[in-house]
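First the proteins, then the strands, lettered A, B, ... as listed; each starts at 1.
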Amino acid sequence: MRYRVNVKDEIEQLIRESLQSAIRDGKLPDAELPFVKVEYPKDERFGDYATPIAMESARVLRKSPLEIGAILQEYVGKAPLVERVEVVKPGFINLFVSFDSLANNLSRVLAEGDGYGRTTRATPFRVNIEFVSANPTGPLNIVSARAAALGDSIANLYEATGATVDREFYVNDYGNQVTLLGRSVLCRYRELAGEAVAFPEDGYHGEYVKDIARHVREQHAAEVESLPDDEARIAYMAEKAVAYNVAGQREDLARFNVRFARWFSEKTLHESGAVERTSELLGARGVLREEEGKKLFVATAYGDEKDRVVVRDDGRPTYLLADIAYHRDKLERGYDRIIDVWGPDHHGYIARLAGAMTALGAPAGRFSILIAQQVNLIMEGEIVKMSKRLGQFSTMRELIDEIGVDVARYFFVMRSLESHLDFDLALAKRESSENPVFYLQYAHARICSIFREAEKRGVAYTPGAVDREPLQNREAVALLKLIARFPEEIVDAATQCEPHRIANYLLRFAQQYHRFYTEHRVISDDPVTTNTYLALCDAVRIVMRNGLRLLGVTAPERM
RNA sequence: GCGCCAGUAGCUCAGUCGGAUAGAGCAACAGCCUUCUAAGCUGUGGGUCACAGGUUCGAUUCCUGUCUGGCGCGCCA
């Protein structure tokens, strides 16, 4: 096993071993068995975990699903983890987890604290995740904000499965757009000096361009004048502008609790010769062809619509070649998994880059590209256009100012990434029950309040002294089950790159806690029950805090 | 024209490699605070899973086609 066992893995293993034992004992014929699926039944009457293995293996074992189930029942039922096993109608095997194992897990949560939910790995696992990677030509927008929330949460999830994760931002500080940015700044610079200049038609019009020009004029005017010609000045302005924009992006992201291990400059790939070497390597691998003095990557061999130019007839490399060089660099750094998070406007680009990775020898499954779909901002029922000129919520910074980091981060990960996200600003701004973020945080704050009250009343709390009897009720058991599931949810969410699962899980969890709170009084005259319920609340608080932290959301002690 | 994503309750969305009577939040309606936070809880109503075929013990899920919405189809980055 890659992961230290959680309940789900343990059950899967138990069923696999039971099948093997039954075969060894001659109760089942020896055969090639399908993968053992373990799932959460929709209805709690069907148990805590269920497997359709008896139905799926019926054909190959040449017995009816019910017969197979009856045989497995004997073996599976012996495990202490399992309270009882039922074999029902079409052939499902339903397992009920024992109360003892759930209660034991409570002590584990209290002992592990902040570490609960994390799994450890027998072997090291390294992940590289590249996200946001917005052009350094202006401030970050809302799409970048979604990518930032998603990428960082996925990174957090992987770290919680014991992986080492590098968060990376690719800075496109090379090429036409950067030159154009430099020209735009130079124009504004001249305007400040009172010169009348024609602003480039396709230039960058944002206010920030003027800010940069002003900054350069105040700090570096002498240097600018000493440059030989305008070409050199444009390059100079471009460099200053990129540095300014990247610094601004870095600041916004830090405020969003997202920190990158590395800001990888595209320019360095060109300067070091890595781009050229990549072209040679592709040629040596036989995946380039020449046409009219150009070099094309044979992307059609990897499912793309057409072959793609990587070197122009004047010898200049295209963006694609630099991107391949960049990803080759990531491959050579030896990661077990390389993940890119892209915006919706780049899906047409997937085939060629993924194809290039395959051509470079990346094993299947090592490299994956996630597309975060579009974000619509909704204001009073209307879609707010995210034009940079229109709409007051065009930048990430403005969004954070408006609704706060916690709400923004939660909203961006609460839906699956491939669904188009309707971001209701009015709802996000409302500090009420309609806003799910507050619902989760409220559960945490409520528990903190109970502990404050307990301290005020001088009630002693001993985490080690948990009595089982007070936990034998519907609400407490439901909470214990969800607490036990937390580590599994993390593993699933990480490997599938689906942080929204955690958001959904925490919502169910908070709901279950609020139910418990309504039904049971934590601080009472009975010291044993009080201590046990304090321990349960403590565990809920730990799971809630750890879960929110994975999503980059804070767990307030008061609200 | 081709490609990618989506279409599930009034709204926003979950639904695990194909499983059991399709779920949640919000909105609507009816209740629950002398006691640890009512930003909470309980209950009710609400569905042709876009449509038509196919695959099989079983399809919201997989395949084919049609319709609708979004996006993309540069030797820009």
Side-chain angles (χ1 to χ4, degrees), chain A residues 34-35 37-43 45-46 50-52 55-56 58-59 65 88-92 94 135-137 172-178 180 266 292 294-296 304-306 308-314 316-320 322-323 343-351 371 373-374 376 378 381 414-424 427 430-439 441-443 445-454 456-457 459 492 496 498 500-501 503-504 507-508 510-511 513-524 530 533-534 537 558-559:
Chain A
F35 178 78
K37 238 184 285 183
V38 176
E39 55 203 25
Y40 306 116
K42 289 179 197 165
D43 194 318
R45 286 179 297 133
F46 298 136
T51 178
M55 288 177 287
E56 290 174 349
R59 187 170 303 166
V88 294
K89 295 176 286 181
F92 286 103
N94 298 332
N135 283 331
T137 52
N172 300 132
D173 53 355
Y174 184 89
N176 293 341
Q177 58 174 13
V178 176
L180 186 59
E266 180 188 356
E292 298 165 5
K294 296 172 281 196
K295 286 183 186 161
L296 286 83
D304 201 1
E305 298 165 11
K306 50 181 173 181
R308 306 290 175 175
V309 174
V310 290
V311 181
R312 300 174 176 96
D313 53 10
D314 61 4
R316 285 156 52 233
T318 63
Y319 178 80
L320 176 61
D323 211 7
D345 49 341
H346 286 82
H347 59 69
Y349 193 80
I350 295 176
I371 295 288
Q373 287 297 333
Q374 189 183 326
N376 288 324
I378 308 287
M414 72 183 194
R415 304 303 183 201
S416 70
L417 79 171
E418 70 264 17
S419 71
H420 298 222
L421 183 69
D422 278 356
F423 197 124
D424 188 333
L427 173 61
R430 225 170 293 158
E431 299 197 3
S432 73
S433 59
E434 297 160 52
N435 191 326
V437 185
F438 292 103
Y439 185 79
Q441 293 182 321
Y442 184 58
R446 256 188 160 174
I447 295 170
C448 293
S449 170
I450 292 173
F451 275 93
R452 283 193 297 270
E453 181 68 22
K456 204 168 82 186
R457 295 190 197 177
V459 177
D492 289 344
Q496 304 294 318
E498 290 182 335
H500 77 276
R501 289 177 183 227
N504 289 336
L507 201 62
R508 284 202 307 281
Q511 189 174 44
Y513 178 72
H514 288 311
R515 277 186 196 137
F516 172 82
Y517 179 90
T518 307
E519 289 296 317
H520 304 276
R521 174 146 278 271
V522 176
I523 302 171
S524 66
T530 298
Y533 281 174
L534 281 173
C537 288
R558 294 169 199 273
M559 287 175 74

Original post:
Can you tell me how far C1' in B:rA9 sits from the matching atom in B:rG46, rounded to whole Å?
Top reply: 6 Å
**OP:** Inspect the surroundings of CZ in A:Arg59 and state if more than 12 heavy atoms from other residues, nucleotides or ligands are less than 6.0 Å away.
**Re:** no
**OP:** Output the single nucleotide from B:rC57, B:rG40, B:rA20 whose closest atom is nearest the side chain of A:His514.
**Re:** B:rG40
Subject >> Who pairs with B:rG1 - Watson-Crick or G-U, where each distance is under 3.5 Å >> reply: B:rC73
Could you run down the sub-3.5 Å N/O contacts of the protein with nucleotides 42-50 of chain B?
from	atom 1	to	atom 2	distance (Å)
B:rU42	OP1	A:Arg515	NE	2.4

Original post:
For atom P, what is the distance between B:rU44 and B:rU8, given to the nearest Å?
Top reply: 25 Å
**OP:** List the steps and the verdict of salt bridge (Lys or Arg N to Asp or Glu O under 4.0 Å) for A:Arg316 and A:Asp314.
**Re:** CA-CA 6 Å; A:Arg316 285 156 52 233; A:Asp314 61 4; 2.8 Å; yes
Original post:
Mind checking the C1' distance from B:rC13 to B:rA52? Whole angstroms is fine.
Top reply: 27 Å
Original post:
If the P atom of B:rG19 is compared with that of B:rA38, how far apart are they to the nearest Å?
Top reply: 40 Å
**OP:** Using the six-membered ring wherever Trp is involved, compare the ring planes of A:Tyr319 and A:Tyr349 and label them parallel, tilted or perpendicular (cut-offs 30° and 60°).
**Re:** tilted
Original post:
Do A:Gln177 and A:Asn172 have side-chain N/O donor and acceptor atoms under 3.5 Å apart?
Top reply: no
Subject >> pair A:Asn504-A:His500: side-chain heavy atoms closer than 4.5 Å >> reply: yes
Subject >> Side chain of A:Glu56 (C-beta onward), nearest among B:rG19, B:rA77, B:rA20 >> reply: B:rG19
Subject >> Complement of B:rG40, any strand, by Watson-Crick or G-U distances under 3.5 angstrom >> reply: B:rC32
Original post:
Between the side chain of A:Thr530 and the main-chain N/O of A:Ser524, is any donor-acceptor distance below 3.5 Å?
Top reply: yes
Original post:
Looking at the side chain of A:Asp345, which of B:rA20, B:rG72, B:rC76 is the nearest nucleotide?
Top reply: B:rG72
Original post:
Which nucleotide in the set B:rA39, B:rG19, B:rA77 lies at the smallest distance from any side-chain heavy atom of A:Phe438?
Top reply: B:rA39
**OP:** Begin from the C-alpha positions of A:Val522 and A:Leu534 and carry the test side-chain contact (heavy atoms from CB on, under 4.5 Å) through to its verdict.
**Re:** CA-CA 7 Å; A:Val522 176; A:Leu534 281 173; 3.9 Å; yes
**OP:** Please measure how far the C1' atom in B:rA20 lies from the corresponding atom in B:rC57, and state the result in whole Å.
**Re:** 13 Å
Original post:
Starting at the 5' end of RNA chain B, which residue's closest nucleotide do you reach first, A:Asp492 or A:Arg59?
Top reply: A:Asp492
Original post:
Nearest to the side chain of A:Pro52, which nucleotide is it out of B:rG19, B:rU56, B:rA20?
Top reply: B:rG19
**OP:** For the residue pair A:Tyr533 and A:Arg521, establish whether any side-chain heavy-atom pair is separated by less than 4.5 Å.
**Re:** no
Original post:
What nucleic acid atoms does A:Ala50 come within less than 4.0 Å of, heavy atoms only: base, sugar-phosphate, or nothing?
Top reply: base
Original post:
When you match A:Gln496 and A:Gly175 each to their closest nucleotide on RNA chain B, which lands nearer the 5' end?
Top reply: A:Gln496
Original post:
Hey, are the side chains of A:Tyr517 and A:Ile447 touching, using non-hydrogen atoms and a 4.5 Å cut-off?
Top reply: no
Subject >> Strand partner of B:rA14, provided both Watson-Crick or wobble distances fall under 3.5 Å >> reply: none
Original post:
If the C1' atom of B:rG72 is compared with that of B:rC63, how far apart are they to the nearest Å?
Top reply: 25 Å
Subject >> Sugar-phosphate, base or nothing in reach of A:Gln441, heavy atoms under 4.0 Å >> reply: nothing
Subject >> C1' atoms of B:rG10 and B:rG53, separation to the nearest Å >> reply: 31 Å
Distances under 3.5 Å between protein N/O atoms and the N/O atoms of nucleotides 28-37 of chain B, please, pair by pair.
from	atom 1	to	atom 2	distance (Å)
B:rC36	O2	A:Ile523	N	3.0
B:rC36	N3	A:Val522	N	3.0
B:rC36	N4	A:Tyr517	O	3.1
B:rC36	N4	A:His520	O	2.8
B:rU37	OP1	A:Ser449	OG	2.1
B:rU37	OP2	A:Ser449	OG	3.0
B:rU37	O2'	A:Tyr442	OH	2.5
B:rU37	O2'	A:Arg446	NE	2.8
B:rU37	O4	A:Ala445	O	3.4
B:rU37	O4	A:Met559	N	3.2

List, with names and distances, any nitrogen or oxygen atoms from the protein found under 3.5 Å away from nitrogen or oxygen atoms belonging to nucleotides 13-15 of chain B.
from	atom 1	to	atom 2	distance (Å)
B:rC13	OP1	A:His420	O	2.8
B:rC13	OP1	A:Asp422	N	3.1
B:rC13	O2'	A:Arg415	NE	3.3
B:rC13	O2'	A:Arg415	NH1	2.6
B:rA14	OP1	A:Ser416	N	2.9
B:rA14	OP1	A:Ser416	OG	2.6
B:rA14	OP1	A:Ser419	OG	3.0
B:rA14	O2'	A:Asn504	ND2	2.9
B:rG15	OP1	A:His500	NE2	3.2

Original post:
Hey, does A:Ile350 have a side-chain heavy atom less than 4.5 Å from the side chain of A:His347?
Top reply: yes
Subject >> Base paired to B:rA50 (Watson-Crick or G-U; both N/O distances under 3.5 angstrom) >> reply: B:rU66
Original post:
Of all the nucleotides listed (B:rG74, B:rA39, B:rA77), which has the minimum atom distance to the side chain of A:His346?
Top reply: B:rA77
Original post:
Which whole number of Å gives the distance between the P atom of B:rG40 and that of B:rG25?
Top reply: 11 Å
